[in-house]
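The next block holds one structure in the form of structure tokens; read it before the comments.
Worth saying up front: this structure is predicted, and the values here are computed from it rather than measured. Side chains are part of it too, since the values below use all heavy atoms of this structure and drop only hydrogens, waters and symmetry mates. Numbering of residues begins at 1 and proceeds along the displayed sequence.
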Amino acid sequence: MEDIIDILINALNEKDTVVRWSAAKGIGRIAGRLPQSMALDVVSAVEDLLSPSNNPSDSVWHGACLAIAEFARRGLLLPEKLPTIISFVKQALIYDVAVGSHSIGSHIRDAACYVSWAFARAYSPD
């Protein structure tokens, strides 16, 4: 099982959006069926992708946001994880990197909006 989760986590950094999206959905589905302690390890592994020390690429940002949204949809993000996750989402909502005459970031901002929507659906305001 660990090997499959590892493959899916690595796929969150793939060039193709469809691969990242499929990996995020797969990670969410698997984590939803794991015992809570193991699911938290999976969530932490996705969080680690966004660590500044890893210098995450735009693909990693996008894939991780999609995975976080899938975790939120399934109620896998415990309240004590939310401050860290929300910090990442706030960064993703304003992600914009200038590259030549254009910028990169709309797909990451869209994924961050999906995370926000998933939070609204999965958690009560209390």
Side-chain angles (χ1 to χ4, degrees):
M1 185 59 66
E2 288 179 29
D3 291 338
I4 293 168
I5 292 170
D6 230 17
I7 290 168
L8 291 172
I9 287 174
N10 288 328
L12 293 175
N13 188 28
E14 283 293 322
K15 179 182 175 190
D16 294 320
T17 302
V18 173
V19 174
R20 291 191 301 267
W21 178 252
S22 297
K25 289 181 85 71
I27 289 171
R29 287 180 180 151
I30 290 171
R33 289 175 173 83
L34 293 174
Q36 186 176 16
S37 64
M38 291 177 76
L40 289 176
D41 289 342
V42 175
V43 171
S44 293
V46 171
E47 270 183 74
D48 289 345
L49 291 175
L50 297 176
S51 169
S53 63
N54 290 336
N55 194 22
S57 67
D58 62 298
S59 295
V60 169
W61 271 99
H62 185 244
C65 282
L66 293 173
I68 289 167
E70 291 299 321
F71 295 147
R73 285 186 60 222
R74 290 169 171 77
L76 299 173
L77 298 175
L78 297 180
E80 58 265 15
K81 287 277 190 189
L82 291 180
T84 304
I85 296 293
I86 289 171
S87 167
F88 289 136
V89 173
K90 285 169 53 176
Q91 292 174 54
L93 284 168
I94 59 171
Y95 190 97
D96 192 38
V97 175
V99 178
S101 63
H102 68 283
S103 68
I104 296 175
S106 63
H107 61 303
I108 296 164
R109 293 188 301 272
D110 288 347
C113 288
Y114 176 43
V115 174
S116 300
W117 174 86
F119 282 165
R121 299 275 300 185
Y123 300 98
S124 69
D126 305 329

Show the atom names and distances, to 0.1 Å, of all donor-acceptor pairs under 3.5 Å that link a side chain in residues 108-120 to residues at least two apart or in another chain.
from : atom 1 : to   : atom 2 : distance (Å)
R109 : NH1    : Y95  : O      : 2.6
Y114 : OH     : E70  : OE2    : 2.7
S116 : OG     : A112 : O      : 3.1

Handout entry: Shortest non-hydrogen separation from L76 to Y123 and the atoms involved
Key = N-OH, 4.2 Å
Problem - Flag side-chain contact, heavy atom, 4.5 Å: L49 against P56 - result: no
Exercise for the section: Find the distance between OG (S59) and CG (N13) and round it off to the nearest 0.5 Å. Expected result: 5.5 Å
Practice task
For atom CD of E2, decide whether the heavy atoms of other residues, nucleotides or ligands shown that lie under 6.0 angstrom number more than 12.
Solution key: no
Handout entry: Check: I85 and F71 side chains under 4.5 Å, non-hydrogen atoms
Key = no
Handout entry: Residue list, side chain to side chain contact (heavy atoms under 4.5 Å, CB included) with S51, at least two apart or on another chain
Key = S53, N54
Problem - Same cluster (ILVMFWY, side-chain, under 4.5 Å), V97 and V60 - result: yes
Exercise for the section: Please list, chain by chain and in numerical order, all residues satisfying salt bridge (charged side-chain N to carboxylate O under 4.0 Å, His left out) with E47, sequence neighbours excluded. Expected result: K81
Practice task
Determine the minimum heavy-atom distance between R20 and L12, stating which atoms define it.
Solution key: CD-O, 3.1 Å
Problem - Closest contact, heavy atoms only, L8 versus G26 - result: CD1-C, 3.9 Å
Handout entry: Under the side chain to side chain contact (heavy atoms under 4.5 Å, CB included) test, residues paired with I5 that sit two or more places apart
Key = M1, I9, I30, L34, V42
Practice task
Answer with yes or no whether the hydrophobic clustering places I7 together with V43; edges join I, L, V, M, F, W, Y residues whose side-chain heavy atoms lie under 4.5 Å apart.
Solution key: no
Problem - side chain to side chain contact (heavy atoms under 4.5 Å, CB included) partners for S22, two or more places apart - result: V18
Problem - Partners meeting side-chain hydrogen bond (donor to acceptor under 3.5 Å, both in side chains) with T84 (sequence neighbours left out) - result: none
Practice task
Would you kindly confirm whether L66 and I27 end up in one hydrophobic cluster when ILVMFWY residues are joined by side chain heavy atoms under 4.5 Å apart?
Solution key: no
Practice task
Can you measure from CG (N55) to CG (L50) and round to the nearest 0.5 angstrom?
Solution key: 11.5 Å
Handout entry: ring-ring contact (aromatic ring centres under 6.0 Å, His included) pairs, two or more places apart, involving residues 23-43
Key = none
Handout entry: Residue pairs passing the salt bridge (Lys or Arg N to Asp or Glu O under 4.0 Å) test where at least one lies in residues 98-107, sequence neighbours excluded
Key = none
Practice task
Write down the atom of A72, the atom of A122, and the distance for their closest heavy-atom approach.
Solution key: O-CB, 2.9 Å
Handout entry: Pairs where residues 22-40 contributes a residue and the test salt bridge (Lys or Arg N to Asp or Glu O under 4.0 Å) is met, not counting sequence neighbours
Key = none
Problem - Pairwise distance CE(M38) to CG(L40) - rounded to 0.5 angstrom - result: 11.0 Å
Exercise for the section: Tell me, please, which residues at least two apart from A11 pass side chain to side chain contact (heavy atoms under 4.5 Å, CB included). Expected result: E14, V19, A23
Exercise for the section: For D58, enumerate each residue passing the side-chain hydrogen bond (donor to acceptor under 3.5 Å, both in side chains) test, keeping only those at least two apart in sequence or located in another chain. Expected result: H107
Practice task
Return each pair, listed once, that meets ring-ring contact (aromatic ring centres under 6.0 Å, His included) where at least one residue sits in residues 22-44; pairs must be two or more places apart or across chains.
Solution key: none
